[in-house]
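It should be emphasised that the depicted structure is a prediction, and the values quoted were computed from it without experimental measurement.
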Amino acid sequence: MKLEYTSEKVRLQCTSVKAANKLFGGNASMTTSLFARINALESAEHVKDIIVQPAFRFHGLKNKKGRNLEGFFAIDVKTIKEPWRIILQPLDENKQPYIPCNIDEIADCVRIVEIMEVSKHYE
């Protein structure tokens, strides 16, 4: 799959050891897990390859605290016990979001995702 990033900062967090270590407060284990997830996303043919892997815990997001997160999804950086998530949005071949985003209908054709952020989304 092709990965897009919402900003240069997010791209660096997902590709630079230094930036990832800073994000995770020096936790090398989290950095390693993040890079493994990014590699898995890049290696997947389409988003369905990620959805079917229970360890990733791919799940839809709901609107929260005034943020419209319809059409966005998250995967765990490491495990459900860790608060860190990779927030992503499926994009079509023109790099536009699917509206509406019925992931069950489009999962086997999504070949581009945009990484919105790596964060403690639920805190």
Checklist entry - When rounded to the nearest 0.5 angstrom, what is the spacing between CD in E117 and OG in S7? => result 9.5 Å
Checklist entry - Shortest non-hydrogen contact from C14 to L34? => result CA-CD2, 4.2 Å
Next on the checklist: Any non-hydrogen side-chain atom of I86 less than 4.5 Å from a side-chain atom of F56?
Outcome noted: no
Checklist entry - Are the side chain of D92 and the backbone N or O of N94 linked by a donor-acceptor pair below 3.5 Å? => result yes
Checklist entry - Are P97 and L91 close enough that some pair of their side-chain heavy atoms sits under 4.5 Å apart? => result yes
Item to check | Pairwise side-chain contact, K2 with R111, heavy-atom cut-off 4.5 Å (strictly under) | outcome: no
Next on the checklist: Going by side-chain contact (heavy atoms from CB on, under 4.5 Å), name the residues that satisfy it together with E8, two or more places apart in sequence or in a different chain.
Outcome noted: R11, L12
Checklist entry - From F24 CZ over to T31 OG1, what is the distance, rounded to the nearest 0.5 angstrom? => result 5.5 Å
Checklist entry - Y5 and L61: same hydrophobic cluster, using ILVMFWY side-chain contacts below 4.5 Å? => result no
Checklist entry - Transitively linked via ILVMFWY side-chain contacts under 4.5 Å: L23 with L3? => result yes
Item to check | Shortest non-hydrogen contact between G71 and P90, atoms and distance | outcome: O-CD, 3.5 Å
Next on the checklist: I need the K48 NZ to D104 CG distance, nearest 0.5 Å.
Outcome noted: 9.5 Å
Next on the checklist: Tell me if a side-chain donor or acceptor on N63 pairs with a main-chain N or O of L69 at a distance below 3.5 Å.
Outcome noted: yes
Next on the checklist: For F58 and F73, take the angle between the two ring planes, folded into 0 to 90°, and tell me which bin it lands in: parallel under 30, tilted 30 to 60, perpendicular over 60.
Outcome noted: parallel
Checklist entry - After noting the C-alpha distance and the side-chain angles of V113 and I50, does the key distance pass the side chain to side chain contact (heavy atoms under 4.5 Å, CB included) rule? => result CA-CA 11 Å; V113 294; I50 301 301; over 6 Å; no
Distance-only donor-acceptor hits, side chain of residues 75-83, under 3.5 Å, sequence neighbours excluded:
residue, atom, partner, partner atom, Å
D76, OD1, R57, NE, 3.4
D76, OD1, R57, NH2, 3.3
D76, OD1, R85, NE, 3.1
D76, OD1, R85, NH1, 3.3
D76, OD2, R57, NE, 3.1
D76, OD2, I80, N, 3.4
K78, NZ, S29, OG, 2.4
T79, OG1, K81, N, 3.2

Checklist entry - Do I103 and V47 touch side chain to side chain, with heavy atoms closer than 4.5 Å? => result yes
Item to check | Audit row: E114, T6, side chain to side chain contact (heavy atoms under 4.5 Å, CB included) steps and yes/no | outcome: CA-CA 7 Å; E114 182 173 54; T6 56; 3.6 Å; yes
Next on the checklist: I'd like to know whether Q53 forms a side chain to side chain contact (heavy atoms under 4.5 Å, CB included) with I51, so could you lay out the CA-CA distance, the side-chain angles of the two residues, the decisive distance to 0.1 Å, and finally the verdict.
Outcome noted: CA-CA 6 Å; Q53 296 186 44; I51 293 172; over 6 Å; no
Checklist outcome for this item: Taken to the nearest 0.5 Å, the spacing of T15 OG1 from I38 CD1 works out to 8.5 Å
Next on the checklist: Checking V110 against Y98 for the side chain to side chain contact (heavy atoms under 4.5 Å, CB included) test, could you report, in this order, the C-alpha distance in whole Å, the side-chain angles of both residues, the deciding distance, and whether it holds?
Outcome noted: CA-CA 10 Å; V110 174; Y98 285 89; 3.7 Å; yes
Checklist entry - What is the distance from atom CG of L41 to atom CE of M1, rounded to the nearest 0.5 Å? => result 5.0 Å
Checklist entry - Within a radius of less than 6.0 Å around CD of E42, do more than 12 heavy atoms belonging to other residues, nucleotides or ligands occur? => result yes
Checklist entry - Got a donor-acceptor contact below 3.5 angstrom from the N102 side chain to the E105 backbone? => result no
Checklist entry - Atom CG of L88 and atom CD of E4: how far apart are they, to the nearest 0.5 Å? => result 13.0 Å
